[in-house]
Number of protein chains: 2
Amino acid sequence: MQMSAETETFVVHFGEMASRWGFNRTVGQMLALIVLSEKPLNADDIAQGLNVSRGNVSMAAKELQSWRLIRVHREPGDRKDYLVANGSIWELAQQVMAERKKREVDPTLSVVRGLLMDFDDSDHSHARAQMQEMNDLLELFTHWFDDVQNMKPDHLKALMKMGAGVGRVLEMTSRLKPGKKDEEA
Amino acid sequence: MQMSAETETFVVHFGEMASRWGFNRTVGQMLALIVLSEKPLNADDIAQGLNVSRGNVSMAAKELQSWRLIRVHREPGDRKDYLVANGSIWELAQQVMAERKKREVDPTLSVVRGLLMDFDDSDHSHARAQMQEMNDLLELFTHWFDDVQNMKPDHLKALMKMGAGVGRVLEMTSRLKPGKKDEEA
DNA sequence: CTGAATTTTCAGAAATTTCTGAAAGTATAA
DNA sequence: TTATACTTTCAGAAATTTCTGAAAATTCAG
């Protein structure tokens, strides 16, 4: 299993970024390798390619599966597990976002919601107000995120390409047909 | 410096989430404490409140300043540094997003761009195609993100509240006035 | 200036995370 | 079945990150 210079650079970079992205170096490098590889790789290919132990590959594979970024493919007559990316770059990115939201946002929304329930009605503390602001922000984000996740990729891409242009179009339409949606913002 | 039970729970939670958010426990707890505190806190307040060393507070303060999440405030006739949040919850969240994008996305876009330049025109490998896809995705994201950052908070909030509704409005307008923007998606 | 109050630094200790590799577990071809 | 080809597990080693606390540096009132 020989890699091109470009692939190697990319794999090493993914290893360096891994900890910032929420996983360890091996997981990062392994994802890069699998994504760039034309053909499915087995655990030995990977252990050899990345110079890590067989056990480490097994653990990293579990981690990547828990993120739903790879799946295993088996050929009849071959006992090896072949690891393949779970979709296009776009789909993998979406999956990473979804998983990170689940791990980085949901627990906090849950805790903040719970705390807000505990406050007495008479409490007018700054702390409570800040928690309420955070709760509102996290709920707004959560609903928006769910919506975005359910959009067709092409629609989403088109929307992103518009960028702030969306705001302009929206202002136009709301000028033509003023509605409820704007007033509470 | 006495904290309420709710504040304590919130601070502890921020400490637990910190590593997932890209900083260490002390930084997370300290941010929580500062955000919830009505009045500015000095380093000793914080060291005592969180049960950590004075040196650790100094390092965490530097880190929070590098994220532009806090700033120091000084009272004339008092030599202490008072640490205060650098804006509302909304502004802090925006700042975290901006900083994370800078640390988690920009370096990769830079590396991928560089690698794409290295490929020979004749290269039709899967690896190259994947890198190109990743480059396109990161550029799309980057431009969208810049646009969003420059929107007025109220416009952005209104847009997020619409969620996927934006897609519907957009389809409507493009049906009325079919343009260039959609065809390449 | 001087010196007391404060912040910063950083070497090494402590805590945490990651990795290895041998042993145990599992699946399947024969 | 059984033998074998593989995967998983996990105790402890290695690497990395975080934290402490004392010493150095800085700041500023007098």
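In what follows, every chain begins at residue 1, and chains take the letters A, B, ... in the order their sequences are listed. This is a predicted model, so every value here is computed, not measured.
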Figure out the [atom1]/[atom2] separation between [X] and [N], and round it to whole Å.
X: B:Asp78; N: C:dT7; atom1: CG; atom2: P; value: 9 Å
X: A:Ile46; N: D:dC6; atom1: CD1; atom2: P; value: 15 Å
X: A:Ile70; N: D:dT7; atom1: CD1; atom2: P; value: 12 Å
X: A:Glu75; N: D:dC6; atom1: CD; atom2: P; value: 13 Å
X: A:Arg79; N: D:dT7; atom1: CZ; atom2: P; value: 11 Å
X: A:Arg20; N: D:dT16; atom1: CZ; atom2: C1'; value: 15 Å
X: B:Lys80; N: D:dT27; atom1: NZ; atom2: C1'; value: 14 Å
X: A:Tyr82; N: D:dT7; atom1: OH; atom2: C1'; value: 14 Å

Let's see if you can work this out: which of [options] has an atom nearest to the side-chain heavy atoms of [X]?
X: B:Met59; options: D:dT20, C:dT6, D:dT9; answer: D:dT20
X: B:Arg74; options: D:dC28, D:dC19, C:dA27; answer: D:dC28
X: A:Lys62; options: C:dT9, D:dT9, C:dA4; answer: D:dT9
X: A:Ser58; options: D:dC10, C:dT7, D:dT8; answer: D:dT8
X: B:Asn24; options: D:dT18, C:dT6, D:dT7; answer: D:dT18
X: A:Ser53; options: C:dG21, C:dT8, D:dT7; answer: C:dG21
X: B:Asn56; options: C:dC19, D:dT20, C:dT6; answer: D:dT20

Any ion pair linking [Y] and [X] (charged N to carboxylate O, less than 4.0 Å)?
X: A:Glu133; Y: A:Arg128; answer: no
X: A:Arg113; Y: A:Glu139; answer: yes
X: A:Glu91; Y: A:Arg68; answer: no

| query | Can a donor-acceptor pair be found between the side chains of A:Ser37 and B:His126 at a distance below 3.5 Å? | reply |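 Note: A:Ser37 and B:His126 side chains miss the donor-acceptor criterion.
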
| said: Looking only at side-chain N and O atoms, does A:Gln48 offer a donor or acceptor that is under 3.5 Å from a partner on A:Asp44? | reply: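 Judged by distance alone, the side chains do not pair up.
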
Give one of base, sugar-phosphate or nothing for [X], where a contact means two heavy atoms less than 4.0 Å apart.
X: A:Asp81; value: sugar-phosphate
X: A:Arg25; value: sugar-phosphate
X: A:Thr26; value: sugar-phosphate

| Taking for each residue the nucleotide of DNA chain C bearing the nearest heavy atom, is the 5' side occupied by A:Val27 or by A:Gly77? |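 Of the two residues, A:Val27 wins.
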
| request: Check whether any side-chain N or O of A:Arg54 sits under 4.0 Å from OP1 or OP2 of C:dG21, and answer yes or no. | output: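 Indeed not, no polar side-chain atom of A:Arg54 lies that close.
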
